[in-house]
Amino acid sequence: GLESVEHNWNKADEMFSHSISLNNNYATAWQWRGGLNRRMGSLDKAVEYIRKAYELDPKSPIITSEMGRCHLYSDKPMVSIPYFQKAYELSDNENTNFILLAAMAHLYLNDPQKGIEVINQNIKDITQNNRALAFAARCEANLGNKGRAYEYLSALLHRYVDPDQYISEQ
């Protein structure tokens, strides 16, 4: 994994391949190899490897989310949404990053209203979540609600500048 962090992607791919050769049922190695290939732009290989990981461990929220990412970046946002929703459920509705990916898929579908609905239905206070604020701002801007988008961006900036002093007005 360290090789992929250092962007030595060919070496990382070799290492993941070696791990898989030692244990063909190592779902995490398949997932890492798939994620690496997704970042390298080899979406066909990424889908193949992530699909294998998913077959081995369909209860992993991370692997399920990676299936969604592969579909999202393969220009199949509608196919990605159920994977993001399932990943969120597999995380016991705790990892909001998965649900925010579903909101992003709705942005890809040019349906920002549905993106806002997904965020509001699943995140109690978006002002306490930087990614939720960012995605909500994009959705509102795409809807033409410039004032609301500005409010979200302003809250986001306040959280970055002084997170301990920020108090939500909601």
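The analysis underlying the following values was restricted to heavy atoms, covering all of them including side chains, and did not include hydrogens, waters or symmetry mates. Quick caveat, the model's predicted, so the values are computed rather than measured.
A donor-acceptor distance shorter than 3.5 angstrom exists from the side chain of Lys146 to the backbone of Ala141, with no hydrogens or angles considered. Not a single donor-acceptor pair under 3.5 Å links the side chain of Ser154 to the backbone N or O of Glu151. Formation of a donor-acceptor pair under 3.5 Å by the Asp13 side chain with backbone atoms of Trp9 is not found in this model. For the pair Ser74 (side chain) and His71 (backbone), a donor-acceptor distance under 3.5 Å is absent. Side-chain atoms of Ser60 come within 3.5 Å of backbone N or O of Ile63 as a donor-acceptor pair. In this structure, Ser19 contributes its side chain and Met15 its backbone to a donor-acceptor pair below 3.5 Å. Here the side chain of Tyr83 pairs no donor or acceptor atom with the backbone of Ser65 at under 3.5 angstrom.
Listed by chain and residue number, Glu66 satisfy the salt bridge (charged side-chain N to carboxylate O under 4.0 Å, His left out) test with Arg38 (two or more places apart in sequence, or in another chain).
Salt bridge status for Glu48 with Arg51: absent, with no side-chain N to carboxylate O gap under 4.0 Å.
Environment of CG in Asn110: sparse, with no more than 12 heavy atoms of neighbouring residues, nucleotides or ligands closer than 6.0 Å.
Atom OH of Tyr26 and atom CZ of Arg33 lie 14.0 Å apart (nearest 0.5 Å). Distance CD1/Ile62 to CG/Asn95: 6.5 Å, rounded to 0.5 Å. Here OH of Tyr108 is found 15.0 Å from NZ of Lys76. Values are rounded to the nearest 0.5 Å. One finds the CZ atom of Phe98 at 8.5 Å from the CG atom of Leu90 (value rounded to the nearest 0.5 Å). In this structure, NZ on Lys59 lies 9.0 Å from NZ on Lys86, to the nearest 0.5 angstrom. We find the CG-CZ distance between Leu156 and Phe135 to be 11.5 Å, quoted to the nearest 0.5 Å.
Taking a 4.5 Å side-chain heavy-atom cut-off between Ile, Leu, Val, Met, Phe, Trp and Tyr, the cluster of Met78 extends to Ile81, Leu109.
Phe84 and Tyr54 are assigned to two separate hydrophobic clusters, defined by single-linkage of ILVMFWY side chains at heavy-atom distances under 4.5 Å. There is no path of hydrophobic side-chain contacts, each under 4.5 Å, that joins Tyr49 to Met40. Hydrophobic cluster membership is shared by Tyr73 and Leu107, with clusters built from Ile, Leu, Val, Met, Phe, Trp and Tyr side chains linked at under 4.5 angstrom.
Side-chain contact between Met104 and Leu100: absent, with no pair of heavy atoms (C-beta onward) separated by less than 4.5 Å. Annotation: side chain of Ile99 is not in contact with side chain of Gln121 (no heavy-atom distance under 4.5 Å).
For the pair Ile116 and Cys139, the tightest heavy-atom approach, listed with the atom from each and the gap, is CG1-CB, 3.4 Å. Considering all non-hydrogen atoms of both residues, Ala137 and Ala149 come closest at O-CB, 3.5 Å.
Applying the side chain to side chain donor-acceptor pair (under 3.5 Å) test to residues at least two apart or on different chains, the pairs with a partner in residues 129-143 are Thr96-Asn129, Asn97-Arg131, Asn130-Arg159, Glu140-Asn145.
In this structure, Trp32 and Phe16 have tilted ring planes: the angle between them lies in the 30° to 60° band.
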